[in-house]
Each structure stands twice: as structure tokens, then as C-alpha cells.
Amino acid sequence: AQTVTQSQPEMSVQEAETVTLSCTYDTSESDYYLFWYKQPPSRQMILVIRQEAYKQQNATENRFSVNFQKAAKSFSLKISDSQLGDAAMYFCAYRSAFSRPGRNNDMRFGAGTRLTVKP
Amino acid sequence: ETGVTQSPTHLIKTRGQQVTLRCSSQSGHNTVSWYQQALGQGPQFIFQYYREEENGRGNFPPRFSGLQFPNYSSELNVNALELDDSALYLCASSFERGVGRYGYTFGSGTRLTVV
């Protein structure tokens, strides 16, 4: 079964600086999708960035980028120029590319990293 | 386009009671997934509904059941509530075409407290 591990329960960053959140996963599959979600106090999970495993190029979305190391099964999130609004819980998630009706359809989440941004 | 809406936002129930949580999926989405998120933990998959049929289930007992309606909205029912059922219940919708490449759109959740 696929598992997702986030080894940093809490992280802190100074406003305008850069922070990296770590995520590792375990899978025997060759094709899958990885996600980072942000959950602010409003509770709604917001998709930050998505990576397709068959693409070697790391995904970027404005100030957010990932370092995807497929062989190491590592998927870290880098937040540049951190802003106060970035403070939230961040969840790494995995989803198989082989999802089919009735089989293996869930998205697996890590335990999360709480990011604090200091002014 | 409208997002995912869940109701109610908060709920307090007594142990042994039954509860129904509701979710309206995002316009154009045909799949709804339900997750349980205990305090300080990541979401745990309960089940998924695709075209009104259960399409996968996590490690939850049968007293957790669900429905999906023709308009793709969904309900989560929990019978014989236990104290450990206290959690945030998240609904997520997506458009699935048989390959799980898409991320989900989440609602803001229902906070269930069992006393």
C-alpha cells in the first residue's frame, strides 16, 4: 500500500524568506501523481501544486515549486518570498495513475506540516 | 463555477445516534470522495462515489455509508456514533474519466463532535 510521510510536524519561516517542506512516499507503481495541498484555519483544502511522475521537469506555480526525486521517492515543496498568508497546514498527497472504477481510487495524505510565517 | 459546499458546518451528536452529512459537488464534477480528518492528522479516505455507485472504500466499518444522487451531490451517513468519530469530515469532488490524474476540489468540511 502506498504511504506518504511528512517528517516535519512544524516549520517556521521569516516573511520574504524561503522555506522547504519535505515529503517522502512509498510505492511500487511507476506512474502516479503527487500533490501539495494547503489547509488554512478556514479548513478548506486548497491545491497548491501538482506533479506527474512521468514528467522529469519539476512543477512550478508562481512562488511555489517542487523538487521531485523519483528514484528517492521524495517530493519537497519550496515556498519562495514567504508571505503571511502562506501560514497554514500543508499536506503532501499521492494518487495512483492506475485508478479505475472500483479499484484504488483514493488520494493518500501525509500527516501534514504546520507552517508559521513570522513578520 | 460553484465550488464544493458542505452542510452543516458544525454538529454535536450523542454517542449512539446517527448523523447525515451533505455535500454538493462542483459543477461539472462526477465523483465525490469523503475523508475523515482527526485533529492534528491528515485526511483518511472513507469512500468514493462515481456515477452514483461506491467506487472504492477505505478502512472504515459498515456503519459508515453513503449515497450519490443523479446531480452528483452526496451524503455520508454514520450510524451508532462513537466518541472516536469526532473529526472534521471533508468532501471532495473531481471529474474522473477512469484515470486518477486529477486533484480534488475540497469543501470546508463538517466538524462533528460526539459527546
Side-chain angles (χ1 to χ4, degrees), chain A residues 1-10 21 23 25 27 29 31-55 59 61 66 88-114, chain B residues 2-6 8-10 23 26 29-60 66 68 87-112:
Chain A
Q2 298 85 11
T3 58
V4 178
T5 302
Q6 293 178 249
S7 58
Q8 306 155 315
E10 295 184 359
L21 308 185
C23 172
Y25 57 94
T27 185
E29 296 178 330
D31 199 11
Y32 45 87
Y33 304 93
L34 297 166
F35 307 86
W36 278 99
Y37 278 90
K38 169 185 178 181
Q39 187 178 40
S42 66
R43 309 182 320 200
Q44 185 171 16
M45 302 274 276
I46 301 165
L47 179 64
V48 174
I49 199 164
R50 169 178 167 271
Q51 175 78 42
E52 300 178 13
Y54 63 86
K55 289 187 176 179
E61 287 287 343
V66 298
M89 285 290 292
Y90 285 81
F91 291 96
C92 178
Y94 169 103
R95 193 173 190 203
S96 171
F98 300 102
S99 296
R100 292 291 183 269
R103 173 179 178 269
N104 195 19
N105 292 287
D106 62 306
M107 185 177 291
R108 304 288 177 97
F109 288 85
T113 297
R114 181 174 301 281
Chain B
T2 58
V4 176
T5 57
Q6 293 186 243
T9 55
H10 296 84
C23 171
Q26 180 170 310
H29 286 184
N30 59 8
T31 301
V32 172
S33 304
W34 285 93
Y35 285 80
Q36 181 194 67
Q37 186 179 16
L39 198 61
Q41 297 183 20
Q44 298 295 314
F45 177 66
I46 303 175
F47 44 57
Q48 183 182 83
Y49 278 83
Y50 172 72
R51 293 186 176 179
E52 302 179 53
E53 293 191 359
E54 189 176 288
N55 192 39
R57 188 179 183 92
N59 189 26
F60 281 81
Q68 187 181 32
L88 179 67
Y89 288 84
L90 294 168
C91 170
S93 75
S94 57
F95 180 72
E96 303 295 334
R97 289 182 287 192
V99 179
R101 66 175 59 138
Y102 301 105
Y104 295 164
T105 301
F106 282 85
S108 296
T110 294
R111 172 73 66 191
L112 173 64

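Numbers restart at 1 for each chain; the letters A, B, ... are given by sequence-line order, proteins then strands.
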Peer 1: Please report the closest heavy-atom contact between A:Phe91 and B:Gly42, naming both atoms and the distance.
Peer 2: CE2-CA, 3.4 Å

Peer 1: Which atom names give the shortest non-hydrogen contact between B:Tyr35 and A:Asp106, and what distance separates them?
Peer 2: OH-C, 4.0 Å

Peer 1: For B:Gln44, enumerate each residue passing the side chain to side chain contact (heavy atoms under 4.5 Å, CB included) test, keeping only those at least two apart in sequence or located in another chain.
Peer 2: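 Side chain to side chain contact (heavy atoms under 4.5 Å, CB included) check on B:Gln44 returns B:Phe60.
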
Peer 1: Roughly how far apart are B:Phe106 CZ and A:Gln39 CD, rounded to 0.5 Å?
Peer 2: 8.5 Å

Peer 1: Among all residues two or more places apart in sequence or in another chain, which pass the side chain to side chain donor-acceptor pair (under 3.5 Å) test with B:Thr31?
Peer 2: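 If we apply the side chain to side chain donor-acceptor pair (under 3.5 Å) test to B:Thr31, skipping adjacent residues, there are no hits.
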
Peer 1: Tell me the closest heavy-atom pair linking B:Ser108 and A:Ser42, and the distance in Å.
Peer 2: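 The answer is CB-O, 4.0 Å.
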
Peer 1: Which bit of B:Gln37 is near chain A, if near means a heavy-atom gap under 4.5 Å: side chain, backbone, both or neither?
Peer 2: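 It is the side chain, since no backbone atom gets that close.
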
Peer 1: Answer with side chain, backbone, both or neither: which region of B:Ile46 has an atom nearer than 4.5 Å to a non-hydrogen atom of chain A?
Peer 2: neither

Peer 1: Go through the steps to decide whether B:Tyr104 and A:Tyr37 satisfy the test side-chain contact (heavy atoms from CB on, under 4.5 Å), and finish with yes or no.
Peer 2: CA-CA 10 Å; B:Tyr104 295 164; A:Tyr37 278 90; 3.8 Å; yes

Peer 1: Which bit of B:Arg57 is near chain A, if near means a heavy-atom gap under 4.5 Å: side chain, backbone, both or neither?
Peer 2: neither

Peer 1: Taking every non-hydrogen pair under 4.5 Å, which of A:Met45, A:Arg114, A:Gln44, A:Arg43 racks up the most with chain B?
Peer 2: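 Highest number of pairs under 4.5 Å: A:Arg43.
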
